[in-house]
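Step one of this worksheet: look at the structure below.
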Amino acid sequence: MPAYNAQATLKETFDNIPKNIADEIILVDDCSSDNTVELSKKLDIKTICHKKNLGYGANQKTCYKEALKNNTDIIIMLHPDFQYDPKLIPALASMIAYDNYDCVIASRMLVNSAKYSKMPKYKYFANKFLTTFQNLFLNKGLSEYHSGYRAFNSKILNKINFEKLSNDFIFDNQLLALIYYNNGSIGEISCPTKYFDGASSINFIRSCKYGLGVLLVSIQYRLAKLGFKTSIFKY
C-alpha cells in the first residue's frame, strides 16, 4: 500500500482486506504529515517510512522492492484511501496464480463502472481519450491504463528495471507500457470506485502533466517498436 496522509481511510481499507489472503501486508509512507505511520504500526502492518516526500512513483518502487525481497509470487498494489474495494484481491490474485496474465488491472471503465461510481466527468472523458490514444499507439485494447489497483506476477516486475522510471504519477503508465514492451500480458476485471471528500486525488495541473506524460510514453513506445530506443525503452 503506497500511502500519503491516509490516516482517515487506512483502517477501513485494512479491515476490508480478506483475511488469510496475504502472506504479508506492507505500507510505505511517503512522509505523511498526519498519523498514518502510527496507525499502520498499531494495525500491525509492516511499515516503511520515507524520510522525505519522494513522490508516488518512488513510493511504489519501495513497495515493490520490499515485496520482491521475500521471493513473493504475486504482488497486489492497493491504495489505502478506500476508493477501491479490497474484497477484489482474491479475484485479481487468481488471474495471476493460474498464469492467465502477468498483470491484472481493476478497471473503472469496464461495464461503465466509472459512471455508476460517479467519477467526475472531466476525469471520465480524459480517461477515455488517453486510453484510446494509448491503445492506438501500443496496438492494445485495454479499457483503461490509469487505475491504481493492480496485481503483478513477480517475474514480470523482476524483468523490468522499474528503478529507471519516474518518481511521479506517470510511473503507473510507464510500468504498464514496459510490461507490454517486454511481451507481458495485461488483463482486467471490473471495479467500482468510490469518490468522496478525503479520497486521494491529484490536482488539475498535475493531472495535465500526467496526461501529457501518457501521450509521450505512447509515442516513445511506438518509436521503440520501430527501432528507435528512446527514454525508458532503451534499458
Side-chain angles (χ1 to χ4, degrees), residues 2 30 54-65 67-68 75 77 79 92 95-96 99-110 114 119 122-189 191 201-235:
D30 200 26
L54 300 177
Y56 175 60
N59 195 322
Q60 283 193 62
K61 291 175 187 180
T62 303
C63 287
Y64 299 143
K65 285 187 293 183
L68 289 169
I75 298 170
M77 179 177 74
H79 291 179
L92 288 162
M95 293 175 72
I96 303 291
D99 293 325
N100 297 116
Y101 298 98
D102 296 302
C103 171
V104 180
I105 300 171
S107 172
R108 300 163 295 177
M109 308 303 281
L110 284 173
M119 176 188 282
Y122 80 91
K123 286 190 175 184
Y124 178 83
F125 289 112
N127 193 321
K128 282 286 191 181
F129 168 76
L130 291 173
T131 297
T132 300
F133 186 94
Q134 196 144 35
N135 277 333
L136 178 65
F137 276 75
L138 273 61
N139 193 29
K140 303 298 179 183
L142 293 182
S143 68
E144 77 157 318
Y145 291 80
H146 318 294
S147 169
Y149 193 7
R150 305 168 175 200
F152 300 94
N153 186 324
S154 62
K155 293 178 183 178
I156 196 66
L157 288 181
N158 277 317
K159 192 175 182 179
I160 292 172
N161 189 1
F162 57 80
E163 285 278 22
K164 296 291 185 180
L165 305 186
S166 171
N167 285 338
D168 208 344
F169 286 98
I170 195 61
F171 173 92
D172 263 354
N173 199 258
Q174 291 175 332
L175 186 58
L176 294 184
L178 273 176
I179 289 173
Y180 274 140
Y181 189 72
N182 283 276
N183 300 314
S185 56
I186 301 176
E188 298 179 277
I189 64 170
C191 177
S201 181
I202 60 176
N203 61 40
F204 180 75
I205 293 176
R206 298 193 76 179
S207 294
C208 291
K209 180 182 177 182
Y210 171 80
L212 291 173
V214 170
L215 302 181
L216 181 60
V217 168
S218 305
I219 294 169
Q220 290 171 337
Y221 177 95
R222 178 48 47 197
L223 289 173
K225 284 293 186 178
L226 293 173
F228 301 95
K229 302 299 183 181
T230 58
S231 185
I232 60 172
F233 300 103
K234 65 185 177 183
Y235 300 106

Any side-chain heavy atom of [X] within less than 4.5 Å of one from [Y]?
X: I179; Y: I160; value: yes
X: Y221; Y: Y181; value: yes
X: Q174; Y: S166; value: yes
X: L68; Y: I75; value: yes
X: L175; Y: F152; value: yes
X: L178; Y: F162; value: no
X: N173; Y: V214; value: yes
X: I219; Y: F137; value: yes

Requested in this report: List the steps and the verdict of side-chain contact (heavy atoms from CB on, under 4.5 Å) for Y145 and L130.
Outcome: CA-CA 8 Å; Y145 291 80; L130 291 173; over 6 Å; no
Query raised in the report: Is the shortest side-chain N to carboxylate O distance from D168 to K209 below 4.0 Å?
Result: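 Yes, D168 and K209 are salt-bridged.
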When you measure from the side chain of [X] to the backbone of [Y], do you find a donor-acceptor pair of N or O atoms at a distance under 3.5 Å?
X: N153; Y: I96; result: no
X: S147; Y: A106; result: yes
X: R108; Y: H146; result: yes
X: K65; Y: E163; result: no
X: T230; Y: A224; result: no

If you look at every heavy atom in [X] and [Y], which pair is closest and at what distance?
X: C103; Y: L176; value: SG-CD2, 3.9 Å
X: E188; Y: M95; value: O-CE, 3.9 Å
X: N167; Y: L54; value: CB-O, 3.6 Å
X: F171; Y: G57; value: CB-CA, 3.6 Å
X: F233; Y: A177; value: CZ-CB, 3.9 Å
X: N135; Y: L142; value: ND2-O, 2.8 Å

Gap separating the [atom1] atom of [X] from the [atom2] atom of [Y], nearest 0.5 angstrom:
X: I189; Y: Y101; atom1: CD1; atom2: OH; result: 11.5 Å
X: C191; Y: M109; atom1: SG; atom2: CE; result: 12.5 Å
X: K155; Y: N182; atom1: NZ; atom2: CG; result: 15.0 Å

Query raised in the report: Can you list every pair that meets salt bridge (Lys or Arg N to Asp or Glu O under 4.0 Å) and has a residue in residues 210-230, with sequence neighbours left out?
Result: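 Applying salt bridge (Lys or Arg N to Asp or Glu O under 4.0 Å) to every pair that reaches into residues 210-230, excluding sequence neighbours, yields nothing.
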Query raised in the report: Which pairs count as salt bridge (Lys or Arg N to Asp or Glu O under 4.0 Å) when at least one residue sits in residues 169-178, sequence neighbours excluded?
Result: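 Every salt bridge (Lys or Arg N to Asp or Glu O under 4.0 Å) pair that includes a residue of residues 169-178, provided the two are not neighbours, is R150-D172.
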Requested in this report: Return yes when atom CD1 of I205 has more than 12 non-hydrogen atoms of other residues, nucleotides or ligands closer than 6.0 Å, and no otherwise.
Outcome: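 Counting neighbours around CD1 of I205, 12 or fewer heavy atoms of other residues, nucleotides or ligands fall under 6.0 Å, so no.
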Query - Centroid-centroid under 6.0 Å between F169 and Y210 rings - result: no
Query raised in the report: N127 and T131: side-chain donor and acceptor closer than 3.5 Å?
Result: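 Checked: N127/T131 side chains pair up, N/O donor to acceptor below 3.5 Å.
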Report summary line: With sequence neighbours left out, the residues meeting side-chain contact (heavy atoms from CB on, under 4.5 Å) with L216 are Q220
